[in-house]
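Remember, it's a predicted structure, so these values are computed and weren't measured experimentally.
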Amino acid sequence: MTRNEFIARLKRELSGLSPTTVAEAIADYEAHFEEALAAGRTEAEAAAALGDPVRLARELRAELGLKRWDNSKSPSSALSAVLALLGLGALDILILLPILMSVLSAVISLYVAVVLLVVAGGGVLVAGPFLHSFATPWLPVFGGLTMVTGGTAIGAILTLFTVGLINGLVWFGRLHYRLIKPAIEAQG
């Protein structure tokens, strides 16, 4: 593969990233080609040493997704980190995806249940004193407050669990990348 073919393929695989990120990555690989040519190697040898541009782009996307999660712990950065992790290896998808999907389904179901608990507690809190089915009007007020505060507490614990789960996935992604990187470099 020639230098131009390598760079064109890398640009195509990096499409969708910020222009600055793409330019930095391209400049970095251009420098690798310059160093290889200065050392007397051919463009084909330099391209072979660098590896597959598709794999390199996937690793760059993974690293950017993981950095985004480290910098900003938001739902969009969490999704970016999870997608980056899943993009690292097809075999991991076969093993990790069913587990992640079941855990994700359970977490989403729990979030829905928490929201319903808080909404129902608010309804009991507001409407309960006006219903004449209770012996004392304070009973639904305390019951509604209990439901709202309990739902909020469960939601907070669930959020901490979700952040911990995403941090664990980021850790796994970095470990995976560190384990694969020496093998890739040994091939080059």
Can you check whether [Y]'s main-chain N or O pairs, donor with acceptor, with [X]'s side chain at less than 3.5 Å?
| X | Y | answer |
| --- | --- | --- |
| Glu5 | Thr2 | yes |
| Thr21 | Leu17 | no |
| Glu45 | Thr42 | yes |
| Glu43 | Arg3 | yes |

Practice task
Could you tell me whether the side chain of Asp52 reaches within less than 4.5 Å of the side chain of Arg9, counting heavy atoms only?
Solution key: yes
For the atom pair [atom1] ([X]) and [atom2] ([Y]), what is the distance rounded to the nearest 0.5 Å?
| X | Y | atom1 | atom2 | value |
| --- | --- | --- | --- | --- |
| Phe142 | Thr149 | CZ | OG1 | 11.5 Å |
| Leu110 | Ile154 | CG | CD1 | 9.0 Å |
| Phe33 | Leu50 | CZ | CG | 5.5 Å |
| Leu104 | Ile99 | CG | CD1 | 13.5 Å |

Problem - Evaluation steps, side-chain hydrogen bond (donor to acceptor under 3.5 Å, both in side chains), between Thr162 and Thr159 - result: CA-CA 5 Å; Thr162 304; Thr159 301; 5.8 Å; no
If two hydrophobic side chains count as joined below 4.5 Å and joins carry through other members, does [X] share a cluster with [Y]?
| X | Y | result |
| --- | --- | --- |
| Val103 | Leu158 | yes |
| Leu125 | Leu117 | no |
| Met1 | Leu14 | yes |
| Ile157 | Val163 | no |
| Leu145 | Met147 | no |

Atom of [X], atom of [Y] and distance for their closest heavy-atom approach:
| X | Y | answer |
| --- | --- | --- |
| Tyr111 | Gly155 | CE2-O, 4.4 Å |
| Ala57 | Glu13 | CB-CB, 3.4 Å |
| Val148 | Gly121 | CG2-C, 3.6 Å |

